[in-house]
Amino acid sequence: MPPLTRALLLAPLLLAPPSPAAAQNFFEELFGIGRAAKPPVPPRGVPGGVQPGSPIAPPPGAPGDAPTAEVPRAPAVPKQPVVLKAPPEDNVVGQELMHNGLNGSLKLEKTGGGTTARMTLPGTKVSQPSESCTVPWNGGTPTTLTAEGRPDGLARFEAAGATCPLRFEVVDGGVLVTSLGATPICTVAAADCATTPVGLWGPAAATLIPRAAEFDGARGTADRAVRENYKLMTQRARGQDVRPIVTEQAAFSSDREQLCRTYAREGAHGFCNLRFTEGRALALATRLGVNTASAAPTAAAAPRPRRKPQPSVEGMNPDAGGAPAFPE
């Protein structure tokens, strides 16, 4: 068939008006009110997709939502002070103690219902400071001491009316002596002797060195007790009461160093450092409301077991008890 004839036959079909249904679909798609306006349904298994026929959850806060009940929190357990074992007041009764473990003599004794002290004080001559001297305390007679309880955790005794007024605080194996006078120096003019009895009176170094490992382990426990009790005091204090506590704690280390640096061979055993630290821990616990005379030591104050030395191997120092040859 010639091309012209074919075009004439198809023209009526191309120019024929569309059906009403086709026209409606065309305008719905054109203005977005037909299938284009309906969101596609995600296939099954797609996270977040709503399955056909499944109920649609109401948005949060919609009417009818039941309020979520809060789970009650357990009340915070109040932190308690760390308590060390307080030494009994008579643990040194009858023992001969020396000033800084070097010289002089101090002996506490029980007589009836009281406690007496007899002392020989070492010093230097007033006229010849390069020469040493000794003088009996309070005339050389046993002096009755006044029991003052445990105001700072340690058993305390005082002799306020003696020639050289002194205070005695009993630690484990020794006595801390402080002056009740205006100066720590006590001068006995009749004996031409000036003495300074303040400090730790305890055993000679030869008896303490074999216990160095014991003292070292106990020192760690005492240091932890001091830190924990100090933190608890600052937490309980208010406002301007915190500053004196911080100042006192800052002076603790220097006071300990000044007291113990003259104890005989302190670096080899650490006896003085340990006892002074224990006294500080007990004093803090007392100020936190603990009765150290009757309170049992807390679990945090229990000494940790010492580790057994490991056998030496290559790369380790055999003289260091299993410690590495080089510090980590």
Side-chain angles (χ1 to χ4, degrees), residues 84-123 132-181 184-188 190-191 193-211 214-215 218 259-260 262-264 266 269 271-272 274-276 278-279 282-283 286 291-294:
L84 301 179
K85 181 181 179 181
E89 63 182 40
D90 57 352
N91 82 91
V92 292
V93 168
Q95 299 182 26
E96 290 282 351
L97 307 176
M98 294 182 290
H99 185 229
N100 291 323
L102 289 170
N103 45 32
S105 174
L106 167 62
K107 189 174 183 179
L108 299 182
E109 294 179 326
K110 289 288 186 181
T111 55
T115 303
T116 63
R118 185 194 297 267
M119 299 179 72
T120 301
L121 308 178
S132 60
C133 60
T134 57
V135 60
W137 177 62
N138 204 34
T141 59
T143 303
T144 301
L145 306 179
T146 303
E148 299 292 336
R150 294 177 178 266
D152 283 327
L154 297 172
R156 177 182 294 180
F157 301 90
E158 292 184 355
T163 304
C164 296
L166 299 174
R167 172 180 293 159
F168 305 83
E169 291 181 295
V170 180
V171 299
D172 189 0
V175 177
L176 282 167
V177 177
T178 54
S179 176
L180 294 176
I185 300 175
C186 179
T187 301
V188 182
C193 190
T195 70
T196 307
V198 299
L200 180 61
W201 293 68
T207 64
L208 298 174
I209 291 177
R211 303 176 60 190
E214 172 194 340
F215 297 152
L259 175 76
C260 296
T262 54
Y263 201 96
E266 173 66 14
H269 51 75
F271 171 75
C272 180
L274 169 61
R275 298 310 182 219
F276 188 78
E278 289 175 336
L282 289 168
T286 301
N291 183 357
T292 59
S294 58

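In this text, all values refer to a predicted model and were calculated from it rather than measured experimentally. One is the number of the first residue; the rest follow in order along the sequence.
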Taking only residues two or more places apart in sequence, or in another chain, which ones meet [X] in a side chain to side chain donor-acceptor pair (under 3.5 Å)?
X    : answer
T143 : N138
N103 : none
S105 : E96
S294 : N291

Heavy atoms, side chains only, cut-off 4.5 Å: are [X] and [Y] in contact?
X    : Y    : answer
P142 : T111 : no
L282 : P87  : yes
L259 : C272 : yes
T115 : F168 : no

Whether the side chain of [X] engages the backbone of [Y] through a donor-acceptor N/O pair (distance < 3.5 Å, no angle test) should be reported.
X    : Y    : result
Q95  : N91  : yes
W137 : C164 : yes
H269 : A264 : yes

If you take all heavy atoms of [X] and [Y], which pair is closest and at what distance?
X    : Y    : answer
A194 : I185 : CB-CG2, 4.3 Å
G104 : M98  : O-CG, 3.5 Å
G140 : R118 : O-NH1, 3.3 Å
P165 : A160 : CB-O, 3.5 Å
P210 : A206 : CD-O, 3.4 Å
S179 : L166 : CA-CD2, 4.1 Å

Partners meeting ring pair (Phe, Tyr, Trp, His ring centres under 6.0 Å) with F157 (sequence neighbours left out) | none

Would you call the rings of F271 and F215 parallel, tilted or perpendicular if under 30° counts as parallel and over 60° as perpendicular?
-> tilted

Walk me through it: do Y263 and L208 pass the test side-chain contact (heavy atoms from CB on, under 4.5 Å)?
-> CA-CA 11 Å; Y263 201 96; L208 298 174; 3.8 Å; yes

Qualifying salt bridge (Lys or Arg N to Asp or Glu O under 4.0 Å) pairs, either residue in residues 142-151, two or more places apart = none

Return each pair, listed once, that meets salt bridge (Lys or Arg N to Asp or Glu O under 4.0 Å) where at least one residue sits in residues 197-209; pairs must be two or more places apart or across chains.
-> none

In chain order, what residues pass the side chain to side chain contact (heavy atoms under 4.5 Å, CB included) check against [X], with sequence neighbours excluded?
X    : answer
D90  : P88, V93, K110
P184 : T196, V198
C193 : C133, V135, A191, T195

Once you round to the nearest 0.5 Å, how far does CG of L176 lie from CH2 of W201?
-> 12.5 Å

Separation between CG (L84) and OG1 (T292), nearest 0.5 Å, reads 10.0 Å

Quick one: salt bridge (charged side-chain N to carboxylate O under 4.0 Å, His left out) partners of E109, sequence neighbours excluded?
-> K107

Given L108 and L145, is the side-chain contact (heavy atoms from CB on, under 4.5 Å) satisfied, shown in steps?
-> CA-CA 9 Å; L108 299 182; L145 306 179; 3.9 Å; yes

For residues 164-175, which residue pairs qualify under side-chain hydrogen bond (donor to acceptor under 3.5 Å, both in side chains), counting only residues two or more places apart or in two chains?
-> R156-E169, E158-R167

